[in-house]
2 protein chains.
Amino acid sequence: MATGRNHRPATSRSRGIPDATVARLPLYLRALTALSERSVPTVSSEELASAAGVNSAKLRKDFSYLGSYGTRGVGYDVEYLVYQISRELGLTQDWPVVIVGIGNLGAALANYGGFASRGFRVAALIDADPAMAGKPVAGIAVQHSDELERVIEENGVSIGVIATPAASAQPVADRLVAAGVTSILNFAPTVLSVPEGVDVRKVDLSIELQILAFHEQRKSGELPDDGRAVPGTDIGEDAGGGVTGSPVAPPAASVTKRTASAAPAATDRRGDEPGNDGDLPAVMPA
Amino acid sequence: MATGRNHRPATSRSRGIPDATVARLPLYLRALTALSERSVPTVSSEELASAAGVNSAKLRKDFSYLGSYGTRGVGYDVEYLVYQISRELGLTQDWPVVIVGIGNLGAALANYGGFASRGFRVAALIDADPAMAGKPVAGIAVQHSDELERVIEENGVSIGVIATPAASAQPVADRLVAAGVTSILNFAPTVLSVPEGVDVRKVDLSIELQILAFHEQRKSGELPDDGRAVPGTDIGEDAGGGVTGSPVAPPAASVTKRTASAAPAATDRRGDEPGNDGDLPAVMPA
DNA sequence: CTATCTTTGTGCACGCGTTCACAAAGACAT
DNA sequence: ATGTCTTTGTGAACGCGTGCACAAAGATAG
Ligand SMILES: NC(=O)c1ccc[n+]([C@@H]2O[C@H](COP(=O)([O-])OP(=O)(O)OC[C@H]3O[C@@H](n4cnc5c(N)ncnc54)[C@H](O)[C@@H]3O)[C@@H](O)[C@H]2O)c1
Ligand SMILES: NC(=O)c1ccc[n+]([C@@H]2O[C@H](COP(=O)([O-])OP(=O)(O)OC[C@H]3O[C@@H](n4cnc5c(N)ncnc54)[C@H](O)[C@@H]3O)[C@@H](O)[C@H]2O)c1
């Protein structure tokens, strides 16, 4: 999921390419680029789908939204398809990008080669720390936040990347938008509020890990139901596991007659067995 | 959101929580944690939904999968909900994690505080470069790849993070899986092939930017070649981004009578309008 | 030109996810 | 108790995305 979006007609897609398809185009493009470098002239939907890690029917349907670029009995012309997808994604033009917040992550992003190779050009690196100003990162001198608006306007930047601490993300986003940016890639763990017409996509490592943890818990616990899954991973016993600290207070009655509703909660759970309300020592958040 | 699903029969979710909901739980948890720190006792679905950037009806339905933890006429008990969601996500236990590939990105990840704050503990940092061995990154000494299997087994690691170059990703994934890892977060731009039962989530900056570029292109009104102009979105934008270079080579008839189909492609495109922002997952299962 | 084989393009059905809308639960006042 | 007001929990409708299955297009061989 991308962002904390709120605007969205929902029934607005009257002609465009489905969002799900757009999200896969870069995947196909990557696979096609690899084929192109090996001078492979054509590929079947089956081969390409396999390389991209998707279902071949899905791939064909995706391409059908772009038009009929394949040849029955043969497959797709690699070079031609690379061009068509690039064009559709808007990669046939140069996209200047600004990265705001040149800390650990921002610096890594600035050094990332995947930028330039796809038509994205780092127009500027911005940081609020005066001590950073002038320092070269990835061959580009970091500029102070004061330069933000000027840089955006002078370079016609429409895409901004936020890699500042969470607390600064919204203010930075506001400035980016005010200066003309209409697309933001946010790495800070916060929900950004932006005006209609501005796209925000977010990348949150913490969320990804939590999703993995959820599934991991099911695997080890083996109980699909309500979960008081128990540790003891399948693999070699976990020494490190176990209860460490106890940042979070156990359920317990914190307010009102919560105590009552804690047990009765079993009344609604679908197929699960009652009497659980499992209470394990809590370890976590902050 | 969570769209492309591959393994995980989808139907196997039996009485489980929908994937889309699982993906949002961390979002709710973050918002709730913030409220908790401000000692707010209860929240209504409306308030919390707003803080998490989602629709209130969706939030209520999401919570309904966990059970009936709200009180009509009042809302949800913050502390209680924090605990329930943490438990459901498996955050009440400690998850040791290994990061493989301590380069620009790997080092940034190692320094990321969002790890520990959610119950994830960096058990080890692994890199193939002998020169890196022993060097401390984020307070932890980097270990050579040879130690990979031992570290995983000794710590009962079940979650691995790959931050190596694309070419090394698959081999690293194979070793992780062979050693017992069953969940992988992949930052390398490659499709990983893993056995059934192993979850892989990927984060690809390049793909995110390309998706943004797609929408950005629509906003600026011109659909190169085949498509004609589209009504401007809203924000009086300045066609941001001056067209500079042309990263991608033009079509050119490379095979057969391709030249003909270039124009006729207009036959299928219907009319559409922009405005929609795909809320697809920034990260998809792979 | 006809037959056969390959692979695309897509109609169709199905299931997940989103959203609306409202009955009912409970808080609170009288 | 009874009534009013607030907010949850969820039934139901709907749209999107997925994947099957196959007719048709085109290549290729005879
Ligand atoms: N490091 C990671 O792997 C990682 C992973 C996921 C998310 N994040 C998130 O990314 C963000 C950055 O992480 P980091 O590890 O690089 O942090 P960091 O502290 O190393 O860097 C933050 C940088 O932002 C600058 N900054 C602060 N306020 C600013 C402002 N208003 N304008 C411009 N610059 C400003 C600071 O000077 C600093 O250089 C954080 O929100 C973090 O939660 C980081
Ligand atoms: N830097 C970014 O912002 C960014 C963004 C998106 C994706 N990525 C991807 O993340 C990966 C890492 O990027 P980076 O900028 O940190 O690269 P990098 O070259 O700085 O670091 C890669 C590290 O991996 C190590 N390595 C190589 N092969 C290995 C192996 N087989 N086992 C263990 N370690 C090995 C190298 O020694 C090096 O330290 C790349 O695949 C890149 O495409 C990076």
Next item on the list: Measure the distance from CD1 on B:Ile17 to C1' on C:dG17 and round it to the nearest whole Å.
Entry: 15 Å
Note to self: Given D:dT18, C:dT19, C:dG17, identify the nucleotide with an atom nearest to the side chain of B:Asp19.
What the structure shows: C:dG17
Check: What is the distance, rounded to the nearest whole Å, between atom CG of B:Leu66 and atom P of D:dT10?
Finding: 12 Å
Measure all distances between protein nitrogen or oxygen atoms and nitrogen or oxygen atoms of nucleotides 21-24 of chain C, and list the pairs falling under 3.5 Å.
unit_1 : atom_1 : unit_2  : atom_2 : d
C:dA21 : N6     : B:Arg60 : NH2    : 3.4
C:dA24 : N3     : B:Arg72 : NH1    : 3.1

Next item on the list: In whole angstrom, give the distance that lies between atom NZ of A:Lys58 and atom P of C:dC14.
Entry: 19 Å
Next item on the list: Under the ring pair (Phe, Tyr, Trp, His ring centres under 6.0 Å) rule, collect the residues that match up with B:Tyr28, sequence neighbours excluded.
Entry: B:Phe63
Item checked: Non-neighbouring partners of B:Asn186 that pass side-chain hydrogen bond (donor to acceptor under 3.5 Å, both in side chains), sequence neighbours left out -> none
Checklist line | Residue list, side-chain contact (heavy atoms from CB on, under 4.5 Å) with A:Ser45, at least two apart or on another chain | finding: A:Ser56, A:Leu59, A:Arg60, A:Tyr76
Note to self: Less than 4.0 angstrom between a side-chain N/O of A:Asn55 and OP1 or OP2 of D:dC20, yes or no?
What the structure shows: yes
Check: Counting only side-chain N and O atoms of A:Tyr76, is one of them less than 4.0 Å from OP1 or OP2 of C:dG9?
Finding: yes
Next item on the list: Please list all pairs passing the salt bridge (Lys or Arg N to Asp or Glu O under 4.0 Å) test where one or both residues lie in residues 28-43 of chain A, with sequence neighbours left out.
Entry: A:Arg30-B:Asp204
Check: Mapping A:Ser44 and B:Gly73 onto DNA chain C by nearest heavy atom, which one lands closer to the 5' end?
Finding: A:Ser44
Next item on the list: Ignoring the backbone of A:Pro18, work out which of D:dG17, C:dT10, C:dT7 is nearest its side chain.
Entry: D:dG17
Notebook entry, point to check: Is the shortest side-chain N/O distance from B:Ser45 to OP1 or OP2 of D:dT8 below 4.0 Å?
Noted result: yes
Item checked: Atom-pair distance (CZ on B:Phe63; C1' on D:dT8), nearest Å -> 12 Å
Notebook entry, point to check: A:Thr71 side chain: which of C:dT18, D:dA27, D:dG9 is closest?
Noted result: D:dA27
Note to self: Looking at the base of D:dG19, is there any donor atom on it, or on the side chain of A:Lys61, that sits under 3.5 Å from an acceptor on the other one?
What the structure shows: yes
Notebook entry, point to check: Where do A:Val177 and A:Pro195 come nearest, in terms of heavy atoms and distance?
Noted result: CG1-CG, 3.6 Å
Next item on the list: Mind calculating the distance between CG (B:Leu59) and C1' (C:dC20) to the nearest angstrom?
Entry: 16 Å
Item checked: Interatomic distance where CZ belongs to B:Arg24 and P belongs to C:dG17 [whole Å] -> 8 Å
Notebook entry, point to check: Who are the side-chain hydrogen bond (donor to acceptor under 3.5 Å, both in side chains) partners of B:Thr21, not counting sequence neighbours?
Noted result: B:Asp62
Next item on the list: Return the minimal non-hydrogen interatomic distance between A:Thr42 and A:Glu47, and the atom names on each side.
Entry: O-OE1, 4.5 Å
Item checked: Euclidean distance, atom CG of residue B:Leu48 to atom P of D:dT6 [Å, nearest integer] -> 20 Å
